[in-house]
Number of protein chains: 2
Amino acid sequence: MATTVADILKANNLSITDSRKSILELFKLSKGALAHADIEKKSSAQFDRVTIYRTLQTFVDKGIIHTIPTADNSVLYALCKDDCSAGHHHDNHVHFICDSCDTTYCLDHVTIPSVNLPEGFTQKQTDVVVSGVCKNCE
Amino acid sequence: MATTVADILKANNLSITDSRKSILELFKLSKGALAHADIEKKSSAQFDRVTIYRTLQTFVDKGIIHTIPTADNSVLYALCKDDCSAGHHHDNHVHFICDSCDTTYCLDHVTIPSVNLPEGFTQKQTDVVVSGVCKNCE
DNA sequence: AGTAATGTGCAACAAAGTTGCAAATTATTT
DNA sequence: AAATAATTTGCAACTTTGTTGCACATTACT
């Protein structure tokens, strides 16, 4: 069965509202990650800036989307895979940012390599951000 | 010979000014990385906000410091190692952010693991940010 | 010491993000 | 299905963060 955006909201105990449905739909349609600014542009006519902020924050809290660290200080958001939204949240996958077209990809099938930390350091989460040229731009 | 901050500035064809010396000194004294806000707090009485922005930008351009991507959308700056400032800039090392004390470490001796990208993707730079508990906080 | 080049501070602005509160929408109860 | 309770939204006002132009000051050069 194809999970609709409404299903996802329901599964996370969230009220089903227009803004949440639209913004979630945006993520489903987008291949890569979205910046807050992207979302604002694509729906600012419809929704208030503040609503978008709060919606994104809610989605992050519920584990529906996750943030991606970038070198240029912009926050990116991307949809978590199905097994995330089901409960055990894990966004330990590699992100790829194309220098040419600026698209951010979640490379879900690339496993995070293990990192050998010095004595006394405990690892909880690892973010790997690779930049370069994507398959569409080379 | 111990390289002074003035030496570093000279080596990069930068005028030696009070603000640059002080800010560079801050980095030398700090073990971890610094956020812009940190620098502003520790020297805002002395220097204008704008000067700090411009100084940091200059240092990044010259390869004296580098930026670190973080998940919470704050930019961190850290001193590059000596061989960076000598010319061939490389900040491909692992960064560690302590969840407890919020200090960011540059783990220069931990090598970046190689990542197997899908067909058609070309890798240029890799940033690895690990979060967890550092050796002072456990 | 004097001139050219560079850097700094101020002001004004733009962008990004936050908070409180009343109105509107969604969910729940009867 | 209507009424109430619980959420959510939009507005306004504000804070923080970052940028730009320009006059003045400082540093470097001869």
Side-chain angles (χ1 to χ4, degrees), chain A residues 4-27 33-62 64-77 102 104, chain B residues 4-27 33-62 64-77 102 104:
Chain A
T4 65
V5 289
D7 290 337
I8 297 174
L9 294 175
K10 236 177 260 175
N12 286 281
N13 279 319
L14 294 172
S15 306
I16 297 167
T17 66
D18 290 344
S19 55
R20 285 179 182 160
K21 277 190 289 184
S22 294
I23 293 175
L24 201 45
E25 203 71 61
L26 268 183
F27 278 106
L34 295 173
H36 177 98
D38 295 332
I39 298 162
E40 222 174 287
K41 270 176 217 150
K42 294 185 185 174
S43 65
S44 86
Q46 306 176 53
F47 309 114
D48 192 79
R49 235 160 45 84
V50 179
T51 301
I52 299 173
Y53 278 110
R54 289 196 271 227
T55 302
L56 290 173
Q57 189 55 56
T58 304
F59 286 176
V60 171
D61 290 345
K62 291 289 184 178
I64 300 172
I65 60 176
H66 61 270
T67 59
I68 305 170
T70 64
D72 70 330
N73 194 33
S74 64
V75 201
L76 291 175
Y77 299 89
D102 274 333
T104 298
Chain B
T4 65
V5 289
D7 291 337
I8 297 175
L9 294 174
K10 237 177 260 175
N12 286 281
N13 279 318
L14 294 171
S15 306
I16 297 167
T17 66
D18 290 343
S19 54
R20 285 180 182 159
K21 277 190 288 184
S22 295
I23 293 175
L24 201 44
E25 203 71 61
L26 268 183
F27 277 106
L34 295 173
H36 177 98
D38 296 330
I39 299 161
E40 222 174 287
K41 270 176 217 149
K42 293 184 185 172
S43 65
S44 86
Q46 306 176 53
F47 309 114
D48 192 79
R49 236 159 43 84
V50 179
T51 300
I52 299 173
Y53 277 110
R54 289 196 269 227
T55 302
L56 289 173
Q57 190 55 57
T58 304
F59 287 176
V60 171
D61 290 345
K62 291 290 184 179
I64 300 172
I65 60 177
H66 63 270
T67 59
I68 304 169
T70 64
D72 71 330
N73 196 31
S74 63
V75 201
L76 292 175
Y77 298 90
D102 274 333
T104 298

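Order of the sequence lines sets the chain letters (A, B, ...), proteins ahead of strands, with each chain counted from 1.
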Next item on the list: Grab the two heavy atoms, one from B/Ala33 and one from B/Leu76, that are nearest each other, plus how far apart they are.
Entry: CB-CB, 4.1 Å
Note to self: Whether the side chain of A/Asn12 engages the backbone of A/Leu14 through a donor-acceptor N/O pair (distance < 3.5 Å, no angle test) should be reported.
What the structure shows: no
Next item on the list: Without swapping roles, check the side chain of A/Asp7 against the backbone of A/Thr4 for a donor-acceptor pair under 3.5 Å.
Entry: yes
Margin query: Once hydrogens and angles are ignored, does a donor-acceptor distance under 3.5 Å link the base of D/dG10 to the side chain of A/Arg54?
Written below: yes
Notebook entry, point to check: At their closest point, which heavy atom of A/Ser15 faces which heavy atom of A/Arg20, and how far apart are they?
Noted result: O-NH1, 3.1 Å
Next item on the list: Kindly indicate whether the side chain of B/Arg49 and the base of D/dG18 share any N or O donor-acceptor pair separated by less than 3.5 Å?
Entry: yes
Note to self: Just the rounded figure in Å: distance from P of C/dG7 to CG of B/Asn12.
What the structure shows: 12 Å
Notebook entry, point to check: For DNA chain D, whose closest nucleotide is more 5', that of B/Asp18 or that of B/Ala37?
Noted result: B/Ala37
Next item on the list: Please report, rounded to the nearest Å, how far the C1' atom of D/dT19 is from the CD1 atom of B/Ile52.
Entry: 15 Å
Check: What is the distance from atom CG of B/Leu56 to atom CD1 of B/Ile23, rounded to the nearest 0.5 Å?
Finding: 6.0 Å
Margin query: Considering every strand and a 4.0 Å limit on heavy-atom distances, what is the contact class for B/Thr58: base, sugar-phosphate, or nothing?
Written below: nothing
Next item on the list: Can you figure out which of D/dT27, C/dT8, D/dC11 approaches the side chain of A/Val50 most closely?
Entry: D/dC11
Next item on the list: Starting from C1' on C/dA16, measure out to CD1 on A/Ile39 and report it in whole angstrom.
Entry: 14 Å
Notebook entry, point to check: Roughly how many Å is it from CG in A/Asn13 to C1' in D/dT8, rounded to a whole number?
Noted result: 15 Å
Check: Rounded to the nearest Å, what distance is computed from the CG atom of residue A/Leu14 to the C1' atom of nucleotide C/dT26?
Finding: 12 Å
Notebook entry, point to check: A/Leu56 has an atom CG; how far is it from atom C1' of C/dT18, in whole Å?
Noted result: 14 Å
Margin query: Tell me whether the side-chain N or O atoms of B/Arg20 pair up with the base of C/dG7 as donor and acceptor below 3.5 Å, since no angle test is needed here.
Written below: no
Note to self: Quick check on the 6.0 Å ring-centre criterion: do A/Tyr77 and A/His36 meet it?
What the structure shows: no
Next item on the list: With DNA chain D as reference, determine whether B/Thr17 or B/Gln57 sits nearer its 5' end, using the nearest nucleotide of each.
Entry: B/Gln57
Item checked: Global bending angle along the helix from C/dA1-D/dT30 to C/dT30-D/dA1, which compares the axes of five pairs at either end, to 10 degrees -> 40°
Check: Given C/dA27, D/dT9, C/dG9, which nucleotide is nearest the side-chain atoms of B/Phe47?
Finding: C/dG9
Note to self: Nearest whole Å is fine: how far is D/dT8 P from A/Tyr53 OH?
What the structure shows: 20 Å
Check: If you take all heavy atoms of B/Ser19 and B/Thr55, which pair is closest and at what distance?
Finding: OG-OG1, 4.3 Å
Note to self: Could you tell me how far apart B/Asp48 (CG) and D/dT17 (P) are, to the nearest whole angstrom?
What the structure shows: 15 Å
